[in-house]
There are 2 protein chains.
Amino acid sequence: MQHDLPSVTVSRLVSYLRVLADMEAEGVAYVTSERLGGASQVSAHQVRKDLLLTRVTSGTRGRGYTVAILRRELSSTLGLTRSWRVAIVGMGRLGQALADYPDFSGFNFSLICGFDRDASKVGKTLGTLPVFDTRELADRAREQALDIAFLTVPVASAQAATDLIVAAGIRGILNFVPTVLTVPEAVRVEPVDFLAGLKRLAFYLQPHAAVAAAS
Amino acid sequence: MQHDLPSVTVSRLVSYLRVLADMEAEGVAYVTSERLGGASQVSAHQVRKDLLLTRVTSGTRGRGYTVAILRRELSSTLGLTRSWRVAIVGMGRLGQALADYPDFSGFNFSLICGFDRDASKVGKTLGTLPVFDTRELADRAREQALDIAFLTVPVASAQAATDLIVAAGIRGILNFVPTVLTVPEAVRVEPVDFLAGLKRLAFYLQPHAAVAAAS
DNA sequence: TAGTGTGAAGGAGTTCACAGCC
DNA sequence: GGCTGTGAACTCCTTCACACTA
């Protein structure tokens, strides 16, 4: 359906979609690129270019975009119209917290099960998720048609767990571990790394970034 | 000290630094741009260009970079040689989980205190963090010389909390809330948004991204 | 010889300007 | 008149090529 969008555009589409969902909830019917950009902190030019790339058809010259239609169009290009089956690999503190996260289903993501190496967790049900042994990953992945893995294991076992995930045929990894994973090209990793974000912050907070300074 | 680096470069420096720390721990003395790039999944060209931009001096032609020195240099450009004082705004589930996070100190970040609007939490000590009323933010921020805020409040109150943080003179926000914040130019926001990452994943997992397909 | 330092070429994404429709 | 659709200019980052030095 959709060729290749610049990854920056994909990120912005996610942002637009969020804004559109809010607007639709508030009953807004039309939105201009100006307003949509404002809410996402992107220029109107950029918004129009992004939407051009996604071959959106909900724009009306002189009036703007129809919120409901645009939202549906973006949901569709982002692949959010079908449902995605997710497993959590690593049922430590973070894994359990994610298992308890309330509304994945609101976004068409379903938590199916968890995996852990720790025998004391295997076989239990944490929150509402059944926990299996990590060695069963391949079997369960096929059986349960898993699409996505949340990787929440300790750094030391991250690559090993990744290899199992890949071998199980799962093609999407949301990586919460602060390390770079090696995967074949067909597998996509999205990092979620708050420590990296924190370090970037430190860089920007240093004096030099104080933009010429007031004085 | 350091002018302006492309934000992509800053992200990669963080990555290099992580690799260097591991190497130093393993006792590796020298590293080539090739190896450093390999571990960070970046081309050797890119590594050298990034290091060129940061005016690093630890490279030796024919041999590579001295791990220990390069690590120190990057720590310094990233602003990780001084210590940063952090508060958590929003002591819900996520805020508390962060409060319990073990080794911020290993990175020169110190958790100082938490803030919450909920009177039942104010005055308590969660984990090891004293929790104050969010309305005290300005006073405590000055008193405690806070540099950075982790924003972990519900979406609905995110902008209001941000305004308080900004008014308190805090210039760095690590934003865990899935929404775009509006802040003055002098304030830096780094988003940590796993839902956005998840949606990006969905996009890339769709058939089209399957790279021309096998068959 | 091996691998950095660095200008120059190339490519990708952003901004601009304006034509085209409602 | 107002705002989208879209090619073209521009800017920024990446890749390349190679001179340079330990």
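First the proteins, then the strands, lettered A, B, ... as listed; each starts at 1. Note that these values count all heavy atoms, side chains included, but never hydrogens, waters or copies made by symmetry.
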Discussion item. Across nucleotides 16-22 of chain D, 5' to 3', mark each nucleotide with B, S or - according to how protein heavy atoms within less than 4.0 Å reach it.
Written reply: BB-BBBB

Worksheet entry | A/Leu17 to A/Leu80 - nearest heavy-atom pair and separation | CD2-CD1, 3.6 Å

Worksheet item: Between D/dC12 atom C1' and B/Leu5 atom CG, what is the distance in whole Å?
Response: 14 Å

Practice prompt. Using a 4.0 Å heavy-atom cut-off across all strands, classify B/Thr9 as base, sugar-phosphate, or nothing.
Written response: nothing

Item to complete: Write down the distance between CG (B/Leu70) and C1' (C/dT4), rounded to a whole number of angstrom.
Response: 12 Å

Practice prompt. Could you tell me the separation between the CD atom of B/Gln46 and the P atom of C/dG11, rounded to a whole number of Å?
Written response: 16 Å

Worksheet item: So, B/Glu73 versus B/Thr54: side-chain donor-acceptor pair below 3.5 Å or not?
Response: no

Worksheet item: In whole angstrom, what separates A/Glu34's CD from C/dC16's P?
Response: 13 Å

Worksheet entry | A/Gln159 and A/Asp163 side chains, donor-acceptor separation under 3.5 Å | yes

Worksheet entry | Gap between atoms CG and P, on A/Leu52 and C/dA19 respectively (whole Å) | 18 Å

Practice prompt. Answer with yes or no after comparing the ring centroid distance for B/Tyr16 and B/Tyr65 against a 6.0 Å cut-off, counting only values under it.
Written response: no

Item to complete: Could you point out which residue of B/Thr182, B/Leu151, B/Val153 forms a side chain to side chain contact (heavy atoms under 4.5 Å, CB included) with B/Thr162?
Response: B/Leu151

Worksheet item: What's the shortest heavy-atom distance between A/Ser40 and A/Val19, and which atoms?
Response: OG-CG2, 3.6 Å

Worksheet item: NA contact type, B/Arg35, heavy-atom cut-off 4.0 Å: base, sugar-phosphate, or nothing?
Response: nothing

Discussion item. Taking the nucleotide of DNA chain C with the nearest heavy atom to each, does A/Asp50 or B/Leu51 sit closer to the 5' end?
Written reply: B/Leu51

Fill in: Shortest side-chain distance from A/Ser33, nucleotide among D/dT6, D/dT4, C/dG5
D/dT4

Discussion item. Can you tell me if B/Tyr30 touches the phosphate of C/dT4, counting only side-chain N or O atoms and a distance under 4.0 Å to OP1 or OP2?
Written reply: no

Worksheet, complete the sentence: Taken to the nearest whole Å, CZ/B/Arg55 to P/C/dG5 is 12 Å

Worksheet item: When the ring centroid of A/Tyr101 is compared with that of A/Phe150, is the distance short of 6.0 Å?
Response: no

Worksheet item: So what does A/Ser43 touch, heavy atoms closer than 4.0 Å: a base, only the sugar-phosphate, or nothing?
Response: sugar-phosphate

